[in-house]
There are 2 protein chains.
Amino acid sequence: MLKLDDRDIEILRVLADNGRITKAQLAERVGLSASPCWERLRRLEEEGIIEGYKATINLRKLGPNVTVFVVAELNDHTPASFQAFEASMQRFDEVTACWALGGGLDYLMQVVTTDIDAYQRLMDAMLEARIGLARYFTYIVTKPVKPFTLPPLRLIHGRDGAE
Amino acid sequence: MLKLDDRDIEILRVLADNGRITKAQLAERVGLSASPCWERLRRLEEEGIIEGYKATINLRKLGPNVTVFVVAELNDHTPASFQAFEASMQRFDEVTACWALGGGLDYLMQVVTTDIDAYQRLMDAMLEARIGLARYFTYIVTKPVKPFTLPPLRLIHGRDGAE
DNA sequence: CTTGAAACAAAAGAGAA
DNA sequence: TTCTCTTTTGTTTCAAG
């Protein structure tokens, strides 16, 4: 298990909020000077705890669009079916995220399209593409209430079982 | 509406993938030299199309944790109830994202806790906190199938209605 | 859009607290 | 360990063509 102290956690928190902060500013914010802070950051990146850095794009400023969450059930639940469905998820660009759910039969997809019509056409295309999709339930997003935030890292870290 | 050309879109795509790329490398990747690329980037940031930059943290390396999606229904559907519930969502740190859904009565929450027990305790706490939560449905994530990706920007951009 | 110069930041190391 | 200080190298920013 990787040992992280409060300062490492603080580095993660600052970078999760501002991924382009300079290393000098980062050091100041976590109460270290540049060199030790830089060492810790290098380690966090090397260990893969920091996976990368991403710009956050405001899709609403680009044009009209709609986000839909879809709970999907498959026709059958063989390993091959799961694999085929999961591979399809990678190919549909409108599927912006996907998770497998407990119960062994369901998936949750996040889908972004220009409008509800385009969403329907996408789902029709999925049904026709014979990727194993049997039924699905649609949750249309009307408003983002809370943008992605980090969970409380101190809870998740500092217990047995981590790699 | 903001006019973006293919190079602007390409800048967004590169930065959504690698938010800490240097400006010189970014320019090279999109086929511009440093100064014009820098001008475009400055504009995208100023317009708020680029909202910010975030480090991506691999939670699994920090310790055991479970992600749960929760579809929630409220007791009543007055504007005040919505407001109260949405304010609560900001306060629960384990709620890592939240969206309001169509139908005017439902929310989808993404929750991250250490284990299913902690998830149950959180939901019990929400029920007891009288934040207006009536019923909820639990979807436990067993596997991330597709991490967040950008939707096809060319579809969303380049039509009427954008700001 | 290009060049290029000045200001600034990153990276790595030496040695002291 | 962490800190400060220094040097080299690379990056950002912006003015001028």
Side-chain angles (χ1 to χ4, degrees), chain A residues 1-58 61-62 150 152-163, chain B residues 1-58 61-63 150 153-154 157-158 162:
Chain A
M1 165 157 172
L2 300 164
K3 301 193 304 254
L4 304 184
D5 64 16
D6 288 359
R7 275 171 172 157
D8 293 309
I9 300 286
E10 194 56 24
I11 288 171
L12 296 178
R13 238 217 289 283
V14 170
L15 288 172
D17 181 56
N18 179 359
R20 267 200 108 134
I21 195 173
T22 68
K23 291 174 173 67
Q25 285 177 305
L26 174 63
E28 197 189 349
R29 288 253 246 136
V30 303
L32 285 172
S33 51
S35 301
C37 182
W38 184 81
E39 257 312 315
R40 282 160 183 265
L41 176 55
R42 205 183 48 76
R43 174 174 160 246
L44 292 169
E45 288 177 343
E46 250 175 28
E47 302 274 16
I49 293 171
I50 296 174
E51 288 183 327
Y53 300 88
K54 312 254 171 257
T56 305
I57 310 299
N58 186 336
K61 297 231 169 161
L62 289 183
L150 282 184
L153 298 184
R154 281 179 181 80
L155 282 187
I156 288 168
H157 186 259
R159 42 187 62 237
D160 295 358
E163 286 170 41
Chain B
M1 164 158 173
L2 300 164
K3 304 193 304 252
L4 304 184
D5 64 16
D6 287 359
R7 274 170 172 158
D8 293 310
I9 299 285
E10 194 57 25
I11 288 172
L12 295 178
R13 237 216 290 284
V14 171
L15 288 173
D17 182 56
N18 180 358
R20 266 199 110 135
I21 194 174
T22 68
K23 291 173 172 68
Q25 285 177 304
L26 174 63
E28 197 189 349
R29 288 253 245 136
V30 302
L32 286 172
S33 50
S35 300
C37 182
W38 185 79
E39 257 314 315
R40 283 160 182 264
L41 175 55
R42 207 182 48 76
R43 174 175 160 244
L44 292 169
E45 288 177 342
E46 249 175 28
E47 302 274 17
I49 292 170
I50 296 173
E51 291 183 325
Y53 301 87
K54 311 255 171 259
T56 305
I57 311 299
N58 185 338
K61 297 229 169 161
L62 290 184
L150 282 184
L153 298 184
R154 280 179 183 80
H157 187 261

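Every chain is numbered from 1 and lettered A, B, ... according to where its sequence line falls, protein lines coming before strand lines. Just so it is clear, the structure is predicted and the values come from calculations on it, not from any experiment.
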Could you check how far [atom1] of [X] sits from [atom2] of [N], rounded to whole Å?
| X | N | atom1 | atom2 | result |
| --- | --- | --- | --- | --- |
| A/Asp6 | D/dT2 | CG | P | 13 Å |
| A/Leu41 | C/dA9 | CG | P | 16 Å |
| B/Glu28 | D/dT12 | CD | P | 13 Å |

Contacts to DNA chain C from residues 30-39 of chain A, heavy-atom cutoff under 4.0 Å, which residues?
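The stretch gives A/Ser35, A/Trp38 as the residues lying under 4.0 Å from the strand, ordered by number.
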Given 3.5 Å as the limit, does a donor-acceptor pair link the side chain of B/Asp8 with the main chain of B/Asp5, or not?
yes
Hey, is the main chain of B/Tyr53 close enough, under 3.5 Å, to the side chain of A/Lys54 for a donor-acceptor pair?
no
Do NZ/NE/NH1/NH2 and the carboxylate oxygens of A/Glu47 and A/Arg43 come within less than 4.0 Å?
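Salt bridge between A/Glu47 and A/Arg43, a charged N being under 4.0 Å from a carboxylate O: yes.
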Answer yes when B/Arg42 and B/Glu45 have at least one side-chain N-carboxylate O distance shorter than 4.0 Å, and no when they do not.
no
Taking salt bridge (charged side-chain N to carboxylate O under 4.0 Å, His left out) as the cut-off, I'd like each qualifying pair that reaches into residues 10-26 of chain A, sequence neighbours left out, listed once.
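Residue pairs passing salt bridge (charged side-chain N to carboxylate O under 4.0 Å, His left out), neighbours aside: A/Glu10-A/Arg13.
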Positions of residues 18-26 of chain B (non-hydrogen atom under 4.0 Å from DNA chain D), listed by number
B/Thr22, B/Lys23, B/Ala24
Could you walk me through whether A/Val30 and A/Arg40 pass the side chain to side chain contact (heavy atoms under 4.5 Å, CB included) test, one step at a time?
CA-CA 11 Å; A/Val30 303; A/Arg40 282 160 183 265; over 6 Å; no
Give one of base, sugar-phosphate or nothing for B/Arg42, where a contact means two heavy atoms less than 4.0 Å apart.
nothing
Could you tell me the separation between the CG atom of A/Leu153 and the CD1 atom of A/Ile9, rounded to the nearest 0.5 Å?
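So the CG of A/Leu153 and the CD1 of A/Ile9 are separated by 5.0 Å.
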Are B/Leu4 and B/Leu44 side-chain neighbours, meaning at least one heavy-atom pair lies under 4.5 Å?
yes
